[in-house]
2 protein chains.
Amino acid sequence: MAADRFIIERDFLIIETTVKKIIVGFAKPLSCHNCRMNNFCLPLGLDADDLDKLEELIERKKPLQPREGVFFSGDPFTSIYAVRSGSIKSFCIDPDGREQVTGFYFPGEIFGWDGLADEHYQNTAIALETTSVCEIPYEQLDDLGNSIPSIQKHMMRLISREINADQRLIALLAGNSAQQKIASLLLSISDRLVKQKLSSTRLWLPMSRGEISNYLGLTVETVSRVLGHFQRKKYLAVNKKEIEILDKQALRDLMLSAEEVE
Amino acid sequence: MAADRFIIERDFLIIETTVKKIIVGFAKPLSCHNCRMNNFCLPLGLDADDLDKLEELIERKKPLQPREGVFFSGDPFTSIYAVRSGSIKSFCIDPDGREQVTGFYFPGEIFGWDGLADEHYQNTAIALETTSVCEIPYEQLDDLGNSIPSIQKHMMRLISREINADQRLIALLAGNSAQQKIASLLLSISDRLVKQKLSSTRLWLPMSRGEISNYLGLTVETVSRVLGHFQRKKYLAVNKKEIEILDKQALRDLMLSAEEVE
DNA sequence: CGGACCTTTGAAGACATTCAAGGCCTGTGG
DNA sequence: CCACAGGCCTTGAATGTCTTCAAAGGTCCG
């Protein structure tokens, strides 16, 4: 099986082979709290026919409702997923039964790699809001990878990115105060929204305080207090889940030095 | 390029192809604090000729001295590594300059995947004691993977394992007390030594208290105090870096329930 | 032997948690 | 449409765990 045509650009994969035509792509975001409307994959040069195929692929999966699951811990590993619009939280259950949030995923980001090692997902992934995801069957991707080397390479890079992200979180959890953790999370989300060409200062948090606190290894109360503190210091304007970053530099400084005058 | 013969068993790879003969293997441990002497790869059915090749490959890399580096943060990504004997610590430098230990690796374990994403290692890896590692050039592995699908699959699994390990650490860091973290680390090391057919109760920690504390997001003093506490409770016998686990069940209970009577 | 480094131990203090209560929003049913 | 229940979020005070600061004992290696 040889590829007639394939395009790889960052996280987009569009492949045509003589045997089968597979379009594995995920679009720019549609519309949601953090998203703007945009056309599918057109910048990658898809023609109308390809677009239909893609639409077909995407339409088959109707948007997930808030708290609806994509896969559950223990499910057989079949696919990886890309967020098209909305947001996803992934979490695992500790041996002692507690839930541990392991990641938040925004449009353009890929999740589900954790299931590869022993062919069962370790995490459960659920939608935080109305969310559409693109399912990418691993077997198909694997087949393609066997004939198209650069796809394999690309996949490996994507997995490795997950490792990098996890290790950043480890560093954050291990060596930082509550203020630093929260500043860091906000800046991270801000940066990731920029990639969607959204405002980097006005953002809407799809997750609850409880989910943030769990992710950062804190309690709900602490998260609330720190956000309150940041607001008093005019670093942020907080209105429930709407956050406006007023002084990004202050947050950056806080993240780095941990020193601050009251 | 087709493979005439290749054997994959857990983390061992031995491959022969018509074009080139590549033996990517790492042996059972030689001898060190935590190791027993053992023959190379013989259980996998290598003949004398293969064994010579393997020896050659391995001998070329002389053992690392304690604190000697395997690769450094920022180096171009070329290879992954398997620990043959000894132990490795990997760590990265936070934006604020602090060191953060991201993993300890024992014989049979593979490290270096973190460099794949952007072709430069994120972590620095150094030997904790006299250590020998097996370098596995990624390009060769990649080439082979292109002709032998199951190797690709195997590689992906190995990478995914790293994700799983990192996520376990995240859960540990986020939701546990100092006692739980340390109990968990000791049990983890104990389990990994069993895989080398070593005692699961008597173990020798190759890393310093400082490295443990950094890894677990604690201070040196806390680690020392908790070990002291465990010793007083007769869970452990601690003699510097030698640890004997006296009551494994107590540690397990501690890890799970967090409840304990004084 | 001396010095550097690691480890242990103590006491004081800081930071985050726990416990407790009240406010705010949402959705439901009367 | 309003009332009410149940979440979720915030705020306060007390507690506790871990850290910080300080000092002393050990170990390794020159």
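All heavy atoms count here, side chains included; hydrogens, waters and symmetry mates do not. Order of the sequence lines sets the chain letters (A, B, ...), proteins ahead of strands, with each chain counted from 1.
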Open item on the list: Does D/dC18 have its OP1 or OP2 closer than 4.0 Å to a side-chain nitrogen or oxygen of B/T219?
Closed with: no
Task: Whole-Å gap separating P (D/dT10) and CZ (A/F230) - done: 14 Å
Task: Overall bend - the helix from C/dC1-D/dG30 to C/dG30-D/dC1, comparing terminal axes fitted on five pairs, nearest 10 degrees - done: 30°
Task: Distance-only side-chain donor-acceptor flag, B/K241 / B/S208, under 3.5 Å - done: no
Open item on the list: Give me each pair satisfying salt bridge (charged side-chain N to carboxylate O under 4.0 Å, His left out) with a member in residues 162-178 of chain B, each pair once, sequence neighbours excluded.
Closed with: none
TODO: Take the protein atom CG of B/L173 and the nucleotide atom P of D/dC18, then report the distance between them rounded to whole Å.
DONE: 14 Å
TODO: May I have the distance from B/Q179 (atom CD) to D/dG16 (atom C1'), rounded to whole angstrom?
DONE: 13 Å
Open item on the list: Base, sugar-phosphate or nothing for A/L227? Non-hydrogen atoms, less than 4.0 Å.
Closed with: nothing
Task: Nearest-Å distance for atom pair CZ/P, residues B/R209 and D/dT19 - done: 16 Å
Open item on the list: Between A/R161 and A/E109 (salt bridge meaning N to carboxylate O under 4.0 Å), is one present in this structure?
Closed with: no
Open item on the list: Once you apply a heavy-atom cut-off of 4.0 Å, does A/G210 come out as touching a base, just sugar-phosphate, or nothing?
Closed with: sugar-phosphate
Task: Partners meeting salt bridge (charged side-chain N to carboxylate O under 4.0 Å, His left out) with A/E221 (sequence neighbours left out) - done: none
Task: No-hydrogen, no-angle side-chain donor-acceptor test under 3.5 Å, A/S213 and A/R209 - done: no
Task: Counterpart residues, salt bridge (charged side-chain N to carboxylate O under 4.0 Å, His left out), relative to A/D96 (two or more places apart) - done: A/R98
- [ ] Under the salt bridge (charged side-chain N to carboxylate O under 4.0 Å, His left out) rule, collect the residues that match up with B/R252, sequence neighbours excluded.
- [x] none
Task: Length of the CG-C1' vector between B/N214 and D/dC18, whole Å - done: 16 Å
TODO: Just jot down the side chain to side chain donor-acceptor pair (under 3.5 Å) partners of A/S90, sequence neighbours excluded, or say none.
DONE: A/T102
Report, one pair per line, the protein and nucleotides 22-30 of chain D atoms (nitrogen or oxygen only) whose separation is under 3.5 Å.
residue, atom, partner, partner atom, Å
D/dC28, OP1, B/K240, NZ, 3.2

Open item on the list: Test of understanding: with side chain to side chain donor-acceptor pair (under 3.5 Å), list the residues that count as partners of A/R67, not counting sequence neighbours.
Closed with: A/E211
Open item on the list: Distance check needed: D/dG7 C1' versus A/R67 CZ, whole Å only.
Closed with: 12 Å
Open item on the list: Taking any heavy-atom pair under 4.0 Å as a contact, classify A/S224: base, sugar-phosphate, or nothing.
Closed with: base
- [ ] With heavy atoms under 4.0 Å as the rule, sort A/S208 into base, sugar-phosphate or nothing.
- [x] sugar-phosphate
- [ ] To the nearest Å, give me how far apart CG (A/L236) and P (D/dT10) are.
- [x] 12 Å
Task: Separation of atom CG in A/L128 from atom P in D/dC8, rounded to whole Å - done: 13 Å
Task: A/Q100 side chain vs A/N214 backbone, donor-acceptor pair below 3.5 Å - done: yes
Task: Partner residues of B/D75 under the side chain to side chain donor-acceptor pair (under 3.5 Å) criterion, sequence neighbours left out - done: none
Task: Among A/D114, A/V101, A/V70, side-chain contact (heavy atoms from CB on, under 4.5 Å) partner for A/N123 - done: A/D114
Task: Partners passing side-chain contact (heavy atoms from CB on, under 4.5 Å) against B/S224 (at least two apart in sequence or in another chain) - done: none
- [ ] Tell me which of B/E211 and A/R225 sits closer to the 5' end of DNA chain C, going by the nucleotide each one is nearest to.
- [x] B/E211
TODO: Strictly below 4.0 Å, heavy-atom distances to any atom of DNA chain D: list the hits from residues 91-104 of chain A, or just say none.
DONE: none
Task: B/F71, B/F72, B/W113 screened by ring pair (Phe, Tyr, Trp, His ring centres under 6.0 Å) with B/Y121, the one that passes - done: B/F71
Open item on the list: Can you give me the first and the last nucleotide of DNA chain C (5' to 3') that has an atom within less than 4.0 angstrom of a non-hydrogen atom in chain B?
Closed with: C/dT7 to C/dA11
